[in-house]
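Data first, discussion second: the structure below is written as structure tokens.
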Amino acid sequence: MTLERSTPQRPCSAHVDRYAIEHLPPREQWPEMLFELPELQFPPRLNCAFELLDRAVAAGRGERLCIQGAGVCWSYADLQAQVNRIARVLVDELGVVPGNRVLLRGANSPMLAACWCAVVKAGAIAVGSMPLLRARELSAIIDKAQISHALCDERLAEELESARIACSTLTRIVPYGQGRGELEARAANQPPRFEAVETGAEDIALIAFTSGTTGVPKGAMHSHRDVMAACACWPAHVLRPRPEDIFIGSPPLAFTFGLGGLLLFPLAAGASTVLVEKASPDALPAAIEQYRATVCFTAPTSYRAIAAQAGRHDLRSLRLCVSAGEALPAATRTAWKAATGIEIIDGIGSTELLHIFISADAAQARPGATGLPVPGYRAAILDEQGRELPPGRVGRLAIKGPTGCRYLADPRQTQYVQNGWNLTGDAYRVAADGQYEYQARTDDMIVSGGYNIAGPEVEGALLLHPAVAECGVVGVPDEARGMAVKAYIVPRPGFEAGPDLVRDLQDFVKRTIAPYKYPRRIEFRAALPRTETGKLQRFKLRDGG
Ligand code: 3UK
């Protein structure tokens, strides 16, 4: 393949299909990118699948354990061979060319990870999809990203076939399944060798559709360089894993929290990962015990649920526990430490920035704070006019670093990126010790009787009460106050939901935080609405459901 010459205007690229490149936002709408750290100097040609996998094998790590799950146990060399065979199927049998978007659809499994690496190694663009998506949502993604091929767990193929009816770009769906699917059969007939396509560092490697709560999905595009930059920042500086570590967790690979934590970062560390299909709070502890996992990635709600039933499983293999996706309440940090002895590593990340940009390791961790900007990133708190606010003041969190937001053909680019800053949509404050303290999503601040009340703070207080298993706090219209603070509460077993408990909880909040923040209304629920990534769906609570 002929590669374009590198010029300042046109970075070197291997993409033949130029749809992604042509639908990047104009440069002036990009965030300012920072590459100050020495480890963030990348060559103009870079293929992140080659860097993460083939380099490990070339460095002599071929026989080391790499991926387990779904009955398989692959070394780095095994994964490399499987990736190469799948890449051959993609290129030689399905006609995939560099720059094509390939949809990946399946629950977490070694096969899904191999497909991701194969797509990227072949210079195509991996587009993950959450397993629970329905045909309508899949069609929106297929259309938006102009997907040409799909690799799909055969158990999820039906929904994809119905989605395809409305999508003319999707020409081929190849199912895989428990080692016996069409893709495995085709791959088995291919030789285990494949030369990585020499992509440009800025060629797009993946498009991650956001777990946004409403509206048309936004596709955040990330290059091969973005992937390597993410690996060089948070994991290397904050997590600091060892080659013997065994990673495990719940976030889907279609969610960049899971892609990083359960695939990219273990590979970058020369460690191994466990990819299990079921990692809900009732399945994850057993898997941790079975695989003797040492590094766990999951969401706050999952840490709460597991802490409540700890003792049923041996979790002593765990060494590092990472929480992201939502604010980590102090009560959850305490409960997890009591159950396992481990201080959770909290970190805020986003689909737009690929992974975590503010975090604290176990030594720095402080209840109520997310942490400090990750080396490689810079953070600021801005007011409505975009001016920087001093410590102590609540404002809009703004981030710059080696990764940043570039939506695929989306006018919302100019909402997320302003004056070179990525605006995550979160209200934050810098404390006297320099730590960043999460308040709420900017559009979730409750203005009640002239006060600004952050729902998560009230949730944090409620979770300190023994009767509260889960809760969600939102503002609801109120004649007297404009908005009233309302709490939806899932009681713990053994506590009776009724007027006595309501009063008890209200008094408890008044004693715990400023009294004006107490929930004037409380409603008990059996469960709260959450996304597949563990985020509370506040908009559903606001709508009364
Ligand atoms: C919220 C947090 C407080 C915050 C993500 C780690 O969650 C991820 O990506 P999404 O695009 O959502 C981003 C938004 O989620 N959030 C995430 N983590 C925290 N709020 N404390 C936290 N620790 O509102 C943020 O703007 O779904 C997380 C790595 C990769 C990710 N994609």
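One is the number of the first residue; the rest follow in order along the sequence. Just so it is clear, the values below take in all heavy atoms, side chains as well, and ignore hydrogens, waters and symmetry mates.
Without hydrogens or angle criteria, Ser250 side chain to Ser280 main chain gives no donor-acceptor distance under 3.5 Å. With Thr199 contributing its side chain and Leu46 its backbone, the two residues share a donor-acceptor pair below 3.5 Å. The main-chain N or O of Ala409 is found under 3.5 Å from a side-chain atom of Lys144 such that the two form a donor-acceptor pair. Between the side chain of Thr256 and the main chain of Leu259, no donor-acceptor pair closer than 3.5 Å is present. Counting only distance, with no hydrogens or angles, the side chain of His149 and the backbone of Leu94 share a donor-acceptor pair below 3.5 Å. With hydrogens and angles disregarded, no donor-acceptor distance shorter than 3.5 Å links the side chain of Thr273 to the backbone of Ile67. Arg441 places a side-chain N or O within donor-acceptor distance of the main-chain N or O of Thr424, the cut-off being under 3.5 Å. Counting only distance, with no hydrogens or angles, the side chain of Arg55 and the backbone of Leu52 share no donor-acceptor pair below 3.5 Å. Under a 3.5 Å cut-off, the side chain of Gln29 and the backbone N or O of Thr414 do not form any donor-acceptor pair. Using a distance-only test at 3.5 Å, with no hydrogens or angles considered, no donor-acceptor pair links the side chain of Ser317 to the main chain of Thr294.
Using a 4.0 Å cut-off between charged nitrogen and carboxylate oxygen, Arg378 and Glu388 do not count as a salt-bridge pair. Taking a cutoff of 4.0 Å between a charged side-chain nitrogen and a carboxylate oxygen, Arg412 and Glu352 do not qualify as a salt bridge. Between Arg180 and Glu184, none of the side-chain N atoms (NZ, or NE/NH1/NH2) sits under 4.0 Å from a carboxylate O, so this pair counts as no salt bridge. A salt bridge between Glu202 and Arg406 is absent, with no side-chain N of the basic residue lying under 4.0 Å from a carboxylate O of the acidic one. For the pair Glu326 and Lys535, the salt-bridge criterion is not met [side-chain N within less than 4.0 Å of a carboxylate O].
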Check your understanding: Does the salt bridge (charged side-chain N to carboxylate O under 4.0 Å, His left out) test come out yes or no for Glu277 and Arg155, once each step is laid out?
Key -> CA-CA 12 Å; Glu277 204 165 284; Arg155 292 164 299 172; 2.9 Å; yes
Review point. Can you list the steps and then say if Glu437 with Arg366 is a salt bridge (charged side-chain N to carboxylate O under 4.0 Å, His left out)?
Key: CA-CA 10 Å; Glu437 296 179 335; Arg366 168 161 79 62; 3.1 Å; yes
Review point. How far apart are the C-alpha atoms of Glu161 and Arg164, what are their side-chain angles, what is the distance that settles it, and do they pass the salt bridge (charged side-chain N to carboxylate O under 4.0 Å, His left out) test?
Key: CA-CA 5 Å; Glu161 288 291 353; Arg164 178 199 208 167; 3.2 Å; yes
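With sequence neighbours excluded, the residues satisfying ring-ring contact (aromatic ring centres under 6.0 Å, His included) with Tyr428 are Tyr438.
Ring-plane geometry between His355 and Phe297 is classed as perpendicular, the angle between the planes exceeding 60 degrees on a 0 to 90 degree scale with a lower cut at 30. Aromatic ring orientation, Phe257 versus Phe255: perpendicular (interplanar angle above 60°, classes split at 30° and 60°).
In plain terms, the two heavy atoms of Pro251 and Asn108 that are nearest each other are O-ND2, 3.0 Å. For Gly106 against Leu112, the heavy-atom pair with the smallest separation is O-CD2, 3.5 Å. The shortest non-hydrogen separation linking Ile86 to Ala114 is CD1-CB, 3.8 Å. Taking all atoms of both residues into account, the shortest heavy-atom contact from Asp226 to Pro402 is OD1-O, 3.8 Å. When all heavy atoms of Ser359 and Trp234 are compared, the pair lying nearest together is OG-NE1, 3.0 Å. Ile125 approaches Gly99 most closely through the heavy-atom pair CD1-O, 3.5 Å.
Here OG of Ser323 is found 11.0 Å from CD1 of Ile348. Values are rounded to the nearest 0.5 Å. Ile399 CD1 to Ser350 OG: the interatomic distance, rounded to the nearest 0.5 Å, is 8.5 Å.
Side-chain contact between Leu24 and Trp30: present, with at least one pair of heavy atoms (C-beta onward) separated by less than 4.5 Å. In this structure, Arg85 and Arg88 have side chains that are not in contact, with every pair of non-hydrogen atoms separated by 4.5 Å or more.
Exactly one of Asn422, Thr370, Leu397, Thr403 qualifies for a side-chain contact (heavy atoms from CB on, under 4.5 Å) with Phe357. That residue is Leu397.
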